[in-house]
Amino acid sequence: MPLPFTAIYPASLLYTLSIFGAGFFLGCIRVPFIEPLIGARYAQLLEMPVMFLIIRRAASVSVTELHRHVLYKSTQGGKKQLDGLLPHPTIHFSAFLMGLLGLFQFLLLEVGFFLVVSYGKGEVDKGVSDWIGAMDPVIRVAFLGMLAMVPFLPVPEA
């Protein structure tokens with residue numbers, strides 16, 4: 001049985017915003033400084049390993065946040081103490097659900113951002129297929145591969 005949604009959602013939101021924020025920040029560096037030098041495809045491919053490391057770190061922090069919400073309780077002195085260990089299948093499944101929810105939230109943010117930017121440019125007839133279609137074919141495969149890993153990266157430490 002997974003952990004309650006009230007524990008999983010804040011951790012997944014932290015995971016999502018960490019990934020999206022890092023991608024946005026790296027994009028602000030990549031587009032004006034790196035793309036003119038080596039081109040869009042190679043700049044995005046150069047960014048992928050950095051994003052993987054950031055996603056892995058965000059997953060680790062989010063799982064720690066998930067543990068903090070569940071395993072600790074406040075005491076009278078304001079200190080926190082261990083409230084008991086959860087069985088491994090419970091925490092692993094909850095971490096996977098957190099990653100899956102994070103993936104869906106990230107996709108909503110990514111597509112929403114694309115649609116807002118398209119609307120701002122006057123392109124009101126854009127959709128999700130245009131978001132995927134606007135990507136370079138090599139980048140599309142790499143990006144979708146990275147997205148496929150997002151739910152599986154939040155793994156609790158042993």
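Model, not experiment: these values are computed from the prediction.
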A.B. asks: Hey, could you give me the CD/CD distance between Glu35 and Gln44, rounded to the nearest 0.5 Å?
C.D. replies: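 Separation between the atoms: 6.0 Å.
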
A.B. asks: Atom CZ of residue position Arg56 - does it have more than 12 heavy atoms of other residues, nucleotides or ligands inside 6.0 Å?
C.D. replies: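 Counting neighbours around CZ of Arg56, more than 12 heavy atoms of other residues, nucleotides or ligands fall under 6.0 Å, so yes.
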
A.B. asks: Could you state whether Phe106 and Phe114 fall into the same hydrophobic cluster, counting links through intermediate Ile, Leu, Val, Met, Phe, Trp or Tyr residues with side-chain heavy atoms under 4.5 angstrom apart?
C.D. replies: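 The answer is yes; both residues are in one hydrophobic cluster.
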
A.B. asks: Can you check whether Leu66 reaches Ser94 side chain to side chain, under 4.5 Å on heavy atoms?
C.D. replies: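 The answer is yes, as the side chains (C-beta and beyond) meet within the 4.5 Å cut-off.
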
A.B. asks: Starting at CG of Asp130, measure out to CE of Met135 and round the result to the nearest 0.5 Å.
C.D. replies: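 Going from CG on Asp130 over to CE on Met135, the span is 12.0 Å.
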
A.B. asks: For Tyr9, is there any backbone N or O sitting under 3.5 Å from a side-chain donor or acceptor partner on Ser12?
C.D. replies: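 Judged by distance alone, yes, a pair lies under 3.5 Å.
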
A.B. asks: Parallel, tilted or perpendicular: which fits the ring planes of Phe113 and Phe24, with parallel below 30° and perpendicular above 60°?
C.D. replies: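 Answer is perpendicular, since the angle exceeds 60°.
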
A.B. asks: Give me the atom names and distance for the closest heavy-atom approach of Leu115 to Lys126.
C.D. replies: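 Where Leu115 meets Lys126 most closely, the heavy atoms are CD2-O, 3.6 Å.
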
A.B. asks: Could you check whether any side-chain N or O of Arg140 sits under 3.5 Å from a backbone N or O of Ile132, counting only pairs where one atom can act as donor and the other as acceptor?
C.D. replies: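 A pair under 3.5 Å: yes.
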
A.B. asks: Which heavy atom of Met48 sits nearest a heavy atom of Ala142, and at what distance?
C.D. replies: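 For Met48 versus Ala142, the nearest heavy atoms are CE-CB, 3.9 Å.
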
A.B. asks: What are the two closest heavy atoms between Val150 and Tyr15, and how far apart are they?
C.D. replies: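 Minimum heavy-atom contact is O-OH, 2.8 Å.
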
A.B. asks: Measure the spacing between CG of Leu108 and CD of Glu110 and express it to the nearest 0.5 Å.
C.D. replies: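 Taking CG in Leu108 and CD in Glu110, the distance rounds to 11.0 Å.
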
A.B. asks: Are Val141 and Phe143 grouped together when hydrophobic residues (ILVMFWY) are joined by side-chain heavy atoms under 4.5 angstrom apart?
C.D. replies: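 No, it is not one cluster - the side chains of Val141 and Phe143 are not joined through contacts under 4.5 Å.
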
A.B. asks: When rounded to the nearest 0.5 angstrom, what is the spacing between CG in Leu153 and CZ in Phe96?
C.D. replies: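 Result: 11.5 Å between the selected atoms.
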
A.B. asks: For residues Pro154 and Gly99, report the shortest heavy-atom separation together with the two atoms involved.
C.D. replies: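 Nearest heavy atoms, Pro154 then Gly99: CG-CA, 3.8 Å.
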
A.B. asks: OG/Ser18 to CD1/Ile54 distance, rounded to the nearest 0.5 angstrom?
C.D. replies: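 Between Ser18 OG and Ile54 CD1, I get 10.0 Å after rounding to 0.5 Å.
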
A.B. asks: Taking side chain as C-beta onward, heavy atoms only, is Leu101 less than 4.5 Å from Leu97?
C.D. replies: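 Sidechains of Leu97 and Leu101: no contact.
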
A.B. asks: Minimum heavy-atom separation for Ala11 to Met98, with atom names?
C.D. replies: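 Closest pair (atom of Ala11, atom of Met98, distance): CB-SD, 3.3 Å.
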
A.B. asks: Do Val155 and Val63 make a side-chain contact, defined as non-hydrogen atoms from C-beta onward lying under 4.5 Å apart?
C.D. replies: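 The answer is no; the side chains never approach within 4.5 Å.
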
A.B. asks: Would you say Gln105 and Leu109 make side-chain contact, with heavy atoms under 4.5 Å?
C.D. replies: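 With C-beta onward as the side chain, the pair stays apart.
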
A.B. asks: Can you see which heavy atom on Pro36 is nearest to which on Arg30, and at what distance?
C.D. replies: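 That closest heavy-atom pairing would be CD-O, 4.5 Å.
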
A.B. asks: Are Met146 and Leu144 co-members of a hydrophobic cluster defined by side-chain heavy atoms under 4.5 Å apart?
C.D. replies: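 Yes: a chain of side-chain contacts under 4.5 Å links Leu144 to Met146.
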
A.B. asks: Who pairs with Leu107 by side-chain contact (heavy atoms from CB on, under 4.5 Å), at least two apart in sequence or on another chain?
C.D. replies: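 Checked Leu107 against side-chain contact (heavy atoms from CB on, under 4.5 Å); matches are Leu103, Trp131, Leu147.
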
A.B. asks: Between Val117 and Val128, is there a shared hydrophobic cluster once you connect ILVMFWY residues whose side-chain heavy atoms come closer than 4.5 Å?
C.D. replies: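 Hydrophobic grouping puts Val117 with Val128.
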
A.B. asks: Does Phe52 belong to the same Ile/Leu/Val/Met/Phe/Trp/Tyr cluster as Ile19, with side-chain heavy atoms less than 4.5 Å apart forming each link?
C.D. replies: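 Same cluster: Phe52 reaches Ile19 through Ile, Leu, Val, Met, Phe, Trp or Tyr contacts under 4.5 Å.
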
